[in-house]
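Per chain, numbering begins at 1; letters A, B, ... match sequence-line order.
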Amino acid sequence: MKFQAPRGTYDILPEDQAYWRFVTEMTRQVCELYGYERIDVPVFEQTGLFERGVGETTDIVEKEMYTFRDRSDERMTLRPEFTAGICRAYAERKLHGRPQPLRLYTIGPAFRYERPQAGRYRQFYQVDVEVLGSQDPAIDLEVMQVAWQIYEAVGIKGLSFQVNSTGCPACRPGYIATLKAWYEQHLDGICDDCRRRYGENPLRLLDCKRESCGKIAEGAPRIAKSLCGACNDHFVQLRSYLDALGRPYEVNHRMVRGLDYYTKTVFEVWAEGIGAQNAVCGGGRYDGLIGMVGGPETPAIGFASGIERIILTMKQEGIEPPEVPKPAVFVAYLGAEAKDAAVVLAQELRSAGVGAAALWEDRSLKAQMKQADRIGAAYTLIIGEEEVKNGVVMVRRMADSTQTALPRWEVLDAVKGGGTA
RNA sequence: GUGGGCAUAGCUCAGUUGGUUAGAGCGCUAGACUGUGGCUCUGGAGGUCGCGGGUUCGAAUCCCGUUGCCCACCCCA
């Protein structure tokens with residue numbers, strides 16, 4: 001039986017690890033710079049949490065969740081996103097008793113059963129950033145800044161930031177009514193999908209990708225004009241902060257988001273050239289969610305950013321991550337006696353914090369040298385019969401092919417600081 | 001769930017109107033250099049031609065089915 005990775009999953013092979021290290025490390029640094037603390041929540045939760053939190057009628061809940069019954073017959077679901085789990089933790093662990101607002105971030109895998117395509121997988125990794133316990137638009141700005149700075153830190157340039165307001169339970173229903181009323185006269189101009197959306201999810205009419213529908217959507221009434229006082233003030237304030245910082249952004253009144261919990265601010269970050277799934281980041285405010293999953297009414301905002309899509313963008317822009325550290329020295333030997341000495345020497349080096357690799361296959365010196373070259377060792381230490389007899393080690397500096405025989409006790413000092421590890 | 005494209009060596013790909021033992025480059029490995037990497041040269045290993053069936057004297061090539069991958073829709077990170 002030959003096994004294969006499940007559809008939509010992949011292996012992060014050694015040669016790709018440099019990207020992953022770099023992105024997660026930059027994320028950690030930026031989040032800490034802003035005073036965000038790391039939290040990790042379970043990979044699976046009770047199914048009901050996502051049904052309530054993400055929304056019963058969303059695509060995610062209706063057709064994309066990995067749901068199963070465990071051995072106690074409890075319905076469990078692999079997390080399709082992070083926000084619901086973090087809100088659950090906030091309520092369950094009484095995190096509202098800590099200094100507010102609470103700034104959190106996490107990194108890990110999420111799962112959705114979808115057809116894979118460019119930048120989309122069934123197991124995918126996200127950076128997730130959340131602030132719980134504040135409704136100030138300055139917090140919206142701060143959260144967006146975290147995203148911006150992460151992309152800056154990994155060197156991505158060609159991104160565009162999209163912002164909109166989706167209103168709140170007080171004003172959104174009115175807008176939806178207005179929108180539907182307006183679309184009533186345009187039903188024959190839109191596509192079949194859009195006619196379905198008209199009934200099921202009218203906000204979705206706005207972001208249809210078809211050119212003909214797009215033209216119509218462009219002329220549709222804008223939510224900005226239907227916002228209640230509080231939502232309008234919030235959006236105006238956020239935009240003035242963005243302007244003050246000189247951040248390039250676009251108010252995109254046709255951007256709506258597919259999760260039910262969003263209120264007021266929503267935003268996305270788009271990248272070009274990574275395929276149809278161009279949203280590298282999506283997020284927004286969810287002032288009602290924590291209350292819905294059993295916590296105190298608490299305003300909050302956050303975003304999730306897809307690591308695969310970040311890396312895709314980096315590759316698209318030709319950004320190379322720093323190399324993963326390699327052993328500083330390679331230990332080569334010839335003969336059984338020399339092997340004994342080499343095994344001990346390699347371990348001494350490692351104990352002293354100097355990375356040491358070897359082949360241990362009793363291969364020719366040439367093969368060992370070749371290996372040393374390939375792994376990028378700064379020094380190769382050669383031990384043969386001669387060296388064993390004289391208590392010395394041949395220390396060869398690979399960069400300029402110079403070598404000298406040194407007494408064993410001088411080897412460590414000679415080699416220290418020679419490599420990246 | 002729907003639509004399109006592609007499956008030949010570890011990788012990237014050739015393979016004529018169906019015709020002997022399916023090739024190249026890279027990579028791996030060994031030697032040239034009996035104890036020295038990168039360059040060069042020479043040799044070697046490595047293939048159920050995705051899988052199953054059919055047509056045919058003969059199939060990598062034609063037909064049917066199937067699986068997988070890629071891309072797009074829906075939707076989302």
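The A/Glu387 side chain lies nearest to B/rG35 when the options are B/rG35, B/rA77, B/rC71. The side chain of A/Asp59 lies closest to B/rC74 when the candidates are B/rA72, B/rG38, B/rC74. With B/rA77, B/rC75, B/rU29 as the candidates, the nucleotide lying closest to the side chain of A/Arg374 is B/rU29. Of the candidate nucleotides B/rA77, B/rU2, B/rC74, B/rC74 has the atom lying nearest to any side-chain atom of A/Lys63. Side-chain atoms of A/Lys366 lie closest to B/rC33 of the nucleotides B/rG35, B/rC74, B/rC33. Taking the side chain of A/Arg115 as heavy atoms from C-beta on, and the options B/rG68, B/rU29, B/rG1, the nearest nucleotide is B/rG1. Taking every side-chain heavy atom of A/Arg396 into account, B/rU36 is the closest of B/rC73, B/rU36, B/rA77.
A/Lys215 has no carboxylate O lying under 4.0 Å from a charged side-chain N of A/Glu218, or vice versa, which leaves the two without a salt bridge.
A/Glu56 and A/Glu62 get closest at one heavy-atom pair: O-CG, 3.4 Å.
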Please walk me through it: do A/Asp207 and A/Met255 pass side-chain contact (heavy atoms from CB on, under 4.5 Å)? CA-CA 6 Å; A/Asp207 72 341; A/Met255 184 178 67; over 6 Å; no

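Within the 4.0 Å cut-off from OP1 or OP2 of B/rU67, not a single side-chain nitrogen or oxygen of A/Gln4 is found. Within the structure, a side-chain polar atom (N or O) of A/Arg363 is placed less than 4.0 Å from OP1 or OP2 of B/rA30. Within the structure, every side-chain polar atom (N or O) of A/Arg210 is placed at least 4.0 Å from both OP1 and OP2 of B/rC73. A close approach under 4.0 Å does occur between a side-chain nitrogen or oxygen of A/Gln117 and OP1 or OP2 of B/rA72. Checking the phosphate oxygens (OP1, OP2) of B/rC75, a side-chain nitrogen or oxygen of A/Arg197 falls inside 4.0 Å. Within the 4.0 Å cut-off from OP1 or OP2 of B/rC69, at least one side-chain nitrogen or oxygen of A/Arg7 is found. A close approach under 4.0 Å does occur between a side-chain nitrogen or oxygen of A/Lys209 and OP1 or OP2 of B/rC73.
Between A/Tyr125 and A/Trp20, the angle of the ring planes goes over 60°, which puts this pair in the perpendicular group of the 30/60° scheme.
For the P atoms, the distance from B/rC63 to B/rC69 is 24 Å, rounded to whole Å.
For A/Ile307 and A/Arg196, each mapped to the nucleotide of RNA chain B holding its nearest heavy atom, the one lying further toward the 5' end belongs to A/Arg196. Nearest-nucleotide assignment on RNA chain B puts the 5′-proximal partner with A/Ala399, out of A/Ala399 and A/Cys208.
Nucleotide B/rG44 forms a pair with B/rC28, judged by Watson-Crick or G-U wobble geometry with both contacts under 3.5 Å.
When ring centroids are compared, A/Tyr10 and A/Tyr121 come within the 6.0 Å threshold.
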